[in-house]
J.: 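Got a structure for you, written out below as structure tokens; questions coming shortly.
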Amino acid sequence: MAELGLAEETQFICSDHGFITRSNPVRDLCARYVRSGGRLYDVLSRYDTLAIYALGKDTGNAGLVNRWVVPFLKAGGITDGAAYEFCRQATTMMPDSQKVMRYLSAQMPTFISSESYEHSLLSIGAGSDIPLSNISCNMFSFDSIKVGRQDARVLRSIADKLVNARLYEEHYSITESRYLNKYDSKLMDFVDDEFFKKIEKMDFMDELKKSVSIAGNEKAYAVLELCRKKEIEMGSTIIVGCDDSDYPAMDLVRDSDGLSISFNGNEYAVRGSNVAIIDENPITVALLSMEFYNGGIESVYEMIEHWNHDDLKSRPCADRNLMNSFLAQFPKKLPDVYRVDDDNLKSVTEASIAYRKRILL
């Protein structure tokens, strides 16, 4: 295939939340099936962030918030059928995201790598023409995880305590090593004592640990495995991320001179990127991806240096129709696009986080 010029040379990998969808489907399920479930998800997410990125350690429980909310969902009565239907109706898409995914999947091997459950990814994949074999997510059955009545009562009691935990928004930079403040330290101890110690011996734990496992490090492993299977170099990979869990995979691609795009990302996503986009329409990702496909990372940097209407109109490009559609989408002001480096990292991060808060649900 390579000798005939038919071998694939570039691949595209993205997350779902923040790029394809505005909504976080797992948090939405918690809000639907658990009393104050959105708050519960936020508490466990804060535990995750503090354990991995502030303390820089893996306690064995961290990085797996989507696993640890499953028992609470089961105690709330969720079933596979109900989860599929809820995700189908409640998922809110980013503008033109499915159209962009269909376009990219026609140009190169395209994959979705997500910590979400298959219940939400099935409808997203179908609408984006991405086959299930090209989606890496937590594929499991709620119905197969059995939570007894006594355990369900205990879980509901635990949830009632966790949702009353106080959350503080102090930011810990991943470039600084420091102790947690007393409030976040108390939160870590509270979750360990009130949740992890109490569920460790529950009957469903073995099945739960086997079923729901994908987190940040697994996303990085998935990228490595895709490169091996497709025989595509890491430096020929495009990855789009937005959240904490995308950082390990984005960092791998960036360090290999691939195209690592932060799309309205938080600090971790921006730090793992070499290009940052601040806009809600993913068509900008398609434009930069095709530039990378055609000319590599230096060609992308050159395009960003001439990021204005006049230069883009006259610039040779891989797909003139795509360029014309992009310029028509933004007749007055182009989306904010940056080549990320040490000099602008802080300002780009601040702008990205502020915009992210406005558009994500």
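In this text the structure is predicted, and so the values were computed from the model without any measurement. Just so you know, residue 1 is the first one in the sequence shown, and it goes up from there. Computed from heavy atoms alone, side chains included, the values below leave out hydrogens, waters and symmetry copies.
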J.: Does Ser260 offer a backbone N or O that forms a donor-acceptor pair with the side chain of Asn274 under 3.5 Å?
T.: yes
J.: Side chains of Glu267 and Thr349: is there a donor and an acceptor less than 3.5 Å apart?
T.: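 No - no donor-acceptor pair under 3.5 Å links their side chains.
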J.: Using a 3.5 Å distance criterion without hydrogens, assess whether the side chain of Asn134 forms a donor-acceptor pair with backbone atoms of Thr110.
T.: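 Between the backbone of Thr110 and the side chain of Asn134 there is a qualifying donor-acceptor contact (under 3.5 Å).
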J.: What is the minimum heavy-atom distance between Met94 and Pro282, and which atoms define it?
T.: CB-CG, 4.4 Å
J.: Give a yes-or-no answer on whether the side chains of Asp16 and Ser116 include a donor-acceptor pair shorter than 3.5 Å.
T.: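 Judged by distance alone, the side chains do pair up.
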J.: Measuring from Ser141:OG to Glu118:CD, what's the distance to the nearest 0.5 Å?
T.: 8.0 Å
J.: Should Asp244 and Asp48 count as side-chain neighbours, where that means a heavy-atom distance under 4.5 Å?
T.: no
J.: Salt bridge or not for Glu207 and Lys146, using N-O below 4.0 Å?
T.: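 The answer is no: the pair does not qualify as a salt bridge.
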J.: Under the criterion side chain to side chain donor-acceptor pair (under 3.5 Å), I'd like the reasoning laid out for Tyr355 against Asp336: C-alpha separation, chi angles, the key distance, then a yes or no.
T.: CA-CA 11 Å; Tyr355 188 81; Asp336 291 331; over 6 Å; no
J.: To the nearest 0.5 Å, what is the distance between CG (Leu224) and OG1 (Thr237)?
T.: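 It comes to 9.5 Å.
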J.: As a quick check of understanding, evaluate side-chain contact (heavy atoms from CB on, under 4.5 Å) for Phe195 and Lys161, giving each step before the final call.
T.: CA-CA 9 Å; Phe195 178 46; Lys161 294 179 181 178; over 6 Å; no
J.: Between Phe142 and Phe140, does the ring centre distance come in under 6.0 Å?
T.: yes
J.: ring-ring contact (aromatic ring centres under 6.0 Å, His included) for Trp307 and Phe330? Distances and angles first, verdict last.
T.: CA-CA 12 Å; Trp307 194 249; Phe330 303 99; 8.9 Å; no
J.: A side-chain contact here means heavy atoms from C-beta on lying under 4.5 Å apart; do Cys87 and Leu29 qualify?
T.: yes
J.: Can you check whether Asp246's main-chain N or O pairs, donor with acceptor, with Asp243's side chain at less than 3.5 Å?
T.: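 Side chain of Asp243 to backbone of Asp246: no pair is present.
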J.: Less than 4.5 Å apart, side chain to side chain, heavy atoms only: is that true for Trp68 and Leu208?
T.: yes
J.: Is the ring pair Tyr247/Tyr268 parallel, tilted or perpendicular, if the boundaries are 30 and 60 degrees?
T.: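 The arrangement is perpendicular - the two ring planes meet at more than 60°.
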J.: I need the Cys14 SG to Ile112 CD1 distance, nearest 0.5 Å.
T.: 5.0 Å
J.: Does the pair Ser273 and Ile261 meet the rule for a side-chain contact (heavy atoms from CB on, under 4.5 Å), with working shown?
T.: CA-CA 5 Å; Ser273 70; Ile261 299 176; 6.0 Å; no
J.: Between Tyr103 and Asp319, does any side-chain donor sit less than 3.5 Å from a side-chain acceptor?
T.: yes
J.: Taking atom OG of Ser136 and atom CG of Leu226, what is their separation to the nearest 0.5 Å?
T.: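 Those atoms lie 7.5 Å apart.
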J.: I'd like to know if Asp42 and Arg27 make a salt bridge, using a cut-off of under 4.0 Å between side-chain N and carboxylate O.
T.: yes
J.: I'd like to know if the side chain of Arg46 and the backbone of Tyr168 have a donor-acceptor N/O pair within less than 3.5 Å.
T.: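 Side chain of Arg46 to backbone of Tyr168: a pair is present.
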J.: Treat each ILVMFWY residue as a node, draw an edge where side-chain heavy atoms are under 4.5 Å apart, and state whether Tyr183 and Leu162 are in one component.
T.: no
J.: Kindly check if the number of other-residue, nucleotide or ligand heavy atoms within 6.0 Å of CZ (Arg35) is above 12?
T.: no
J.: Using a cut-off of 6.0 Å, state whether more than 12 heavy atoms not belonging to Lys186 lie near its atom NZ.
T.: no
J.: Hey, could you give me the CG/CD distance between Asn344 and Glu350, rounded to the nearest 0.5 Å?
T.: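 Output value for this atom pair is 11.5 Å.
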J.: Would you check if the side chain of Asp143 reaches a backbone N or O of Thr79 as a donor-acceptor pair within less than 3.5 Å?
T.: no
